[in-house]
Asks: 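Have a look at this one.
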Amino acid sequence: RAMSPRRRLAEHAGCTGRTEGLRIDRVARDIAGLLELTRAAFDQCAVTPSAADLVRASEAIVKSKPPAHATNEMAEEVLQLAVRLWQSEPAGCQRGTSDQATLDLIMKKVTS
């Protein structure tokens with residue numbers, strides 16, 4: 001069974017136990033922030049042709065106004081885009097910032 005975005009976000013943030021208290025609009029904002037951090041990694045790397053569409057899609061989401069009423073499905077789509085973008089990062093990309101180390105840790109937990 002697929003894990004809900006709420007559970008994934010809670011788990012990758014180090015929360016355990018109850019996640020019912022997390023509102024989906026908050027989860028969606030946090031996931032959008034994760035997407036923004038993932039997209040920012042490409043500012044320091046050459047974008048491969050296969051990743052260009054993912055970068056454009058993520059930029060459109062990051063720049064757009066958040067929906068008035070987020071849903072689990074919306075949050076899951078954004079989370080999956082962030083994961084695909086992170087996985088498409090070119091080999092040898094040197095990022096080195098603490099934000100990027102944090103991103104790597106979160107993404108490894110989300111994808112495991």
Asks: Rounded to the nearest 0.5 Å, how far does CG of L37 lie from OG of S58?
Replies: 11.5 Å
Asks: Among all residues two or more places apart in sequence or in another chain, which pass the side chain to side chain contact (heavy atoms under 4.5 Å, CB included) test with A40?
Replies: D43
Asks: Testing V62, L85, L54 for side chain to side chain contact (heavy atoms under 4.5 Å, CB included) with T38, which one passes?
Replies: L85
Asks: Can you name the side chain to side chain contact (heavy atoms under 4.5 Å, CB included) partners of I61, sequence neighbours left out?
Replies: L35, V78, L81
Asks: Can you name the nearest heavy-atom pair linking A70 to M74, along with the distance?
Replies: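 Scanning both residues completely, I find the closest heavy atoms to be CA-SD, 3.8 Å.
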Asks: Suppose we screen for side-chain hydrogen bond (donor to acceptor under 3.5 Å, both in side chains). Which residues come up paired with R29, at least two apart in sequence or across chains?
Replies: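 Residues passing side-chain hydrogen bond (donor to acceptor under 3.5 Å, both in side chains) with R29: none at all.
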Asks: Given the rule in the salt bridge (Lys or Arg N to Asp or Glu O under 4.0 Å) test, do D30 and R26 qualify, once you have shown the distances and angles that lead to the verdict?
Replies: CA-CA 6 Å; D30 290 349; R26 170 66 191 267; 3.2 Å; yes
Asks: Run the side-chain hydrogen bond (donor to acceptor under 3.5 Å, both in side chains) test against T111 and tell me which residues pass, sequence neighbours left out.
Replies: none
Asks: Please name all residues satisfying side chain to side chain contact (heavy atoms under 4.5 Å, CB included) with E59, sequence neighbours left out, ordered by chain then number.
Replies: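 For E59, the residues satisfying side chain to side chain contact (heavy atoms under 4.5 Å, CB included) (neighbours in sequence not counted) are R39, V55.
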Asks: What's the separation between atom CD in E89 and atom OG1 in T48, rounded to the nearest 0.5 Å?
Replies: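 So the CD of E89 and the OG1 of T48 are separated by 10.0 Å.
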Asks: Rounded to the nearest 0.5 Å, how far apart are CD1 of I31 and CD of E36?
Replies: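 It comes to 14.0 Å.
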Asks: Tell me every residue that passes salt bridge (Lys or Arg N to Asp or Glu O under 4.0 Å) with R84, counting only those two or more places apart in sequence or in another chain.
Replies: none
Asks: Report yes if some heavy atom in the side chain of E76 is under 4.5 Å from a heavy atom in the side chain of N72; otherwise report no.
Replies: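 When only atoms from C-beta onward are counted, N72 and E76 do not touch, as no gap falls below 4.5 Å.
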Asks: Does V110 reach the side chain of W86, with side-chain heavy atoms less than 4.5 Å apart?
Replies: no
